[in-house]
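This report concerns only the one structure given below.
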Amino acid sequence: MYKIAVFASGTGSNAAELIRFFNEKNEDVKSVNNTENRSRNNTYSEVTLVVSNRHNAGVLLQASAANIPIWIVDKALWNTPAKVVSFLQKNGIDFIILAGFLWKIPLELCAAFPNKITNIHPSLLPKYGGKGMYGSRVHQAVLEACETESGITIHYVNENYDEGSIIQQIACPVLAADTVESLAKRIQTIELATYKVVINDILTNI
Ligand code: GRF
């Protein structure tokens, strides 16, 4: 089995959808009539760990509901990347999915999981990425710049915020009447439909 760790700091909508997609074991759901499940790979992958830097992150409720072990990291631990790498390796983690994780990934962790850490960002990188650009700040900046399109970027992770090589981008229109909330909702819908499929494709070809 291929073991996935999901790292998240916030609500966990993306994490919940990834957990649902990869961990659903209900045979009825896997029936041949279910097109989503038909597209899954033969190598069985499962989310076996949720990592967060926040004790009260919503994602922890998602992990608990799915009976997935949780690991809370603090700054002292994060500043000792060898310990982080060692914990993940001891737990047999093969692949790391960032889903709204706000801390920078240290070089040692990137090196231990080459091309095996992905992130999703709610804009068309390299636009509106980098330190401090997350959540509504991204959409606010897009609206203030009067962009006519925005979208999502799924990319491999390196030691800099939002800079690793791009795997997939999907654009969507920014409408004249858009608010931060309406744009965020349009982009979240694309994120929830896309991230799991892209990861599944990667794991199929690994
Ligand atoms: C998403 O918009 C994702 O693009 C970004 O963080 C957000 C996480 O949202 N990296 P949620 O916690 O999955 O709702």
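What you are looking at is a predicted structure, and each value in this text was computed from that prediction instead of being measured. Hydrogens, waters and symmetry mates play no part in the numbers below; they use all other heavy atoms, side chains included. Residue indices begin at 1 and follow the sequence shown. Read the numbers this way: they start at 1 and go in the same order the structure lists the ligands and their atoms.
Between the Q62 side chain and the S13 main chain, no donor and acceptor come within less than 3.5 Å of each other. A donor-acceptor distance shorter than 3.5 angstrom exists from the side chain of H121 to the backbone of Y128, with no hydrogens or angles considered.
Using a 4.0 Å heavy-atom cutoff, P122 is listed among the residues neighbouring ligand 1.
Nearest non-hydrogen protein atom to atom 12 (O) of ligand 1 is G12 N, 2.8 Å. At the top of the distance list for atom 8 (C) of ligand 1, counting protein heavy atoms only, stands G100 CA, 3.8 Å.
Looking at I120, I154, T153, L98, it is I120 that brings a heavy atom closest to atom 5 (C) of ligand 1.
The closest side-chain donor-acceptor pair between T194 and Q168, if any, does not fall under 3.5 angstrom.
For ligand 1 and S13, the ligand atoms under 4.0 Å from any heavy atom of the residue are 11 (P), 12 (O), 13 (O), 14 (O). Remark: ligand 1 atoms within the under-4.0 Å shell around heavy atoms of T11 are 12 (O), 14 (O). Close approach of ligand 1 to E191 is summarised as follows: ligand atoms under 4.0 Å from at least one heavy atom of the residue are 1 (C), 2 (O), 3 (C), 4 (O).
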* Can you check side chain to side chain contact (heavy atoms under 4.5 Å, CB included) on F21 and V47, steps first, answer last? -> CA-CA 9 Å; F21 182 79; V47 179; over 6 Å; no
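The heavy-atom pair separating S9 from A57 by the smallest distance is O-CB, 3.4 Å.
Counting only heavy atoms from C-beta outward, the side chains of I206 and F95 approach each other to under 4.5 Å.
Counting heavy atoms closer than 4.0 Å to ligand 1, residue H121 contributes backbone atoms (N, CA, C, O) but none from C-beta onward.
Residue contacts with ligand 1: N14 is placed with a nitrogen or oxygen under 3.5 Å of a nitrogen or oxygen of the ligand (distance criterion only). In terms of polar-atom proximity, A15 is not counted as a contact of ligand 1, lacking any N or O under 3.5 Å from an N or O of the ligand.
When the options I93, V73, L49 are evaluated for a side chain to side chain contact (heavy atoms under 4.5 Å, CB included) with F87, the one that passes is L49.
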